[in-house]
Trainee: 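Here it is: the structure, laid out below.
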Amino acid sequence: MLDHLIRRATVVDGTGAPPFVADVGIEDGRIAVVGTTAVVGGRVNRRARTEEDARGLVLAPGFIDPHTHYDAQLFWDPYATPSMSHGVTTVVGGNCGFTLAPLHPGRPADADYTRRMMSKVEGMSLTALEEGAPWTWSSFGEYLDALDGRIAVNAGFMVGHCALRRHVMGPAAVGGRPDAQQSKQLLTLLHEAMDAGAWGLSTTQSTTHTDGDGRPVASRHALPEELLALSRAVGEHEGTQIEAIVAGCLDRFADEEIDLLVGMTAAAGRPLNWNVLTIDAAVPERVPRQLAASARARAAGGRIVALTMPILTPMNMSLGTFCALNLIPGWGETLALPVPRRIARLREASVRAELLRCAHSEEAGVFRRLTDFGRYVIGDTYAKENEGLTGRVVRDIAAERGTDPFTCLVDICAADDLRTVLWPMPTDNDPASWELRRRTWEHEDVLLGGSDAGAHLDRMCGAPYTTRFLGDCLRGRKLVPLERAVRMLTDDPARLFGLRDRGRIARGWHADLVLFDPDRIDAGPATLVHDLPGDGPRLDARARGVVSVRVNGVETVRHDVTTGAVPGVVLRSGRDTETVGTTH
């Protein structure tokens, strides 16, 4: 007897094939039968414990998010919200060189260092990290074991270079170089993590990544020979990958960065992915430069895959807390001052002029997208003199006040003691940029993803990219047909990571499924909620049109409400992933 039978669904199977109407039966966590009603006798006549009529609804494989930071959140939120509500059934964590394990058992202070680093670099609530996760592990395998049996999504994890260095070198990991013995220990620790199921190595060389003390994170101090040695170790394990971030990911790679990334993937003989390719028709040279790394890698026997988002993810800013504005060259020193001194400095005309000069300079790179301050929309305000400004555009307020937009923005924020929430309107929402995105998605080394879900919780909400993208494909710009859009969210990432029997609707494959209404599929607006441990804030966005989500055959979401079931699996390299070569 089948466990569940979905009748008369419009199946989009993940392969890119045209949709077809079928009955889909589930048994023991897998797809037991796909009966196509277009052929004689195709209707499934087997009995099932439960069944539902899905006429008019689309049944697709569960979506796979290739770049998340749910490493901590899964302990207090096994549903990886809001991702699962938007049809995501598998998440990849441990990215950007940052993981919660391994931790040195002889240095309890390392856990505190790790929490403060994650809070700073990934925008996670420190209180939530302290109160929401058990911190009972030492090895990477123990960390994975702590999640086993308690999550609703499937989750796989890279092991972070920063954690490896901290474990081996202690505080000297920041600023230091490993000696010969420590270099061996780094390799041993990486091998142990992959033996336990880590998907491979993640690392960062990005200048934007600093720890809780404001210093460059540990992996930024690694020389190329260290990274190449670790990459070679990755290639000795089945079903592994590399994920790497360098400063040029934000704009355009430097030659030496391309050399490093190419060397790493070639040394490992494994794909390397990076995050995130920003596509803007106003900077037409960016995409060719970034994808030149992929061409170089293929010539060298490697493969470099760029992740890119298929939607524009709103991200709020603030002059009062650490955000992307702090990363603009020349801004960090001023925005790091105590609030009273910061306000005083920002009120100086010469300081504002210098900040604007830096903001519009070539060195600002991709952050120049954030510097048209007249296009900012005012979010939450607090002072009496700011009443009525929420939702208004700074340019209009400045015109009423007879001042320039940046001065106007500073005046508004200063009245709120810099607590004002600011929403920059995207500058790359034009038809030319969307056409450039459509063309770029066709590249063999470009993959949709890069949500950062689980990180930057009070600043952005990238998790709903799946439903918003599908809604745009069905009823908006219609840049790609539905069957291709589904493949880009399911089978494409599954094949990159070598996931066994996931990413398609096919007999014998795992029953990770999402059932949705094509007339309604979309995502609601991001709203601020206070549901983290310690009542911390985060941005959330509700799904629209998602009828049901199943993980390993068990329903986890019905009409945007979680069911209480936790059928997710900690996906381990080798067991749940197979080796993916660097050519295809």
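Positions are given from 1, in the same order as the sequence printed here.
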Trainee: Give a yes or no on whether R401 atom CZ has more than 12 heavy-atom contacts from other residues, nucleotides or ligands under 6.0 Å away.
Mentor: yes
Trainee: Would you please classify the geometry between the W274 ring and the F253 ring as parallel, tilted or perpendicular, with 30° and 60° separating the classes?
Mentor: perpendicular
Trainee: Considering residues at least two apart in sequence or located in another chain, which fulfil the side-chain contact (heavy atoms from CB on, under 4.5 Å) criterion with T490?
Mentor: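 side-chain contact (heavy atoms from CB on, under 4.5 Å) list for T490, sorted by chain: P61, F63, V486.
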Trainee: For the pair D280 and R437, find out whether any cationic side-chain nitrogen is under 4.0 Å from an anionic carboxylate oxygen.
Mentor: no
Trainee: Taking the inter-plane angle between the rings of W199 and F497 on a 0 to 90° scale, is it parallel (under 30°), tilted (30 to 60°) or perpendicular (over 60°)?
Mentor: tilted
Trainee: Under the criterion side-chain hydrogen bond (donor to acceptor under 3.5 Å, both in side chains), which of D522, D560, T467 is the partner of H86?
Mentor: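 Exactly one pass, corresponding to T467.
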Trainee: Say whether T208 and S206, considering side chains only, have a donor N or O and an acceptor N or O under 3.5 Å apart.
Mentor: yes
Trainee: Would you say CD of E333 has more than 12 non-hydrogen atoms from neighbouring residues, nucleotides or ligands within 6.0 angstrom?
Mentor: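 No, the 6.0 Å shell around CD holds no more than 12 heavy atoms from other groups.
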Trainee: Strictly below 4.0 Å, N to O, side chains only: are R369 and D428 in salt-bridge contact?
Mentor: yes
Trainee: Does the distance from a Lys or Arg side-chain N to an Asp or Glu carboxylate O, for D416 and R419, drop under 4.0 Å?
Mentor: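 Judged by the 4.0 Å cut-off on N to carboxylate O distance, D416 and R419 do not form a salt bridge.
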Trainee: Less than 4.0 Å between a side-chain N and a carboxylate O, is that true for E348 and R352?
Mentor: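 No, no charged N to carboxylate O under 4.0 Å.
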Trainee: Report the relative orientation of the aromatic rings in Y376 and F373; use parallel for angles under 30°, tilted for 30 to 60°, perpendicular for over 60°.
Mentor: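 Tilted.
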Trainee: Taking I258's backbone N and O only, do any of them form a donor-acceptor pair with R296's side chain (distance below 3.5 Å, no angle check)?
Mentor: no
Trainee: Strictly distance-based, threshold 3.5 Å: is any side-chain N or O of D430 a donor or acceptor partner for the main-chain N or O of S433?
Mentor: yes
Trainee: Could D472 and R468 be called an ion pair, given the rule that one side-chain N must be under 4.0 Å from one carboxylate O?
Mentor: no
Trainee: Closer than 4.0 angstrom, basic N to acidic O: yes or no for R538 and D531?
Mentor: yes
Trainee: Salt bridge check: are E226 and R165 linked by an N-O gap of less than 4.0 Å?
Mentor: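 Yes, E226 and R165 are salt-bridged.
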Trainee: Do NZ/NE/NH1/NH2 and the carboxylate oxygens of E257 and R252 come within less than 4.0 Å?
Mentor: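 Not counted as a salt bridge, because no side-chain N and carboxylate O are separated by less than 4.0 Å.
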Trainee: Taking side chain as C-beta onward, heavy atoms only, is E387 less than 4.5 Å from K384?
Mentor: yes
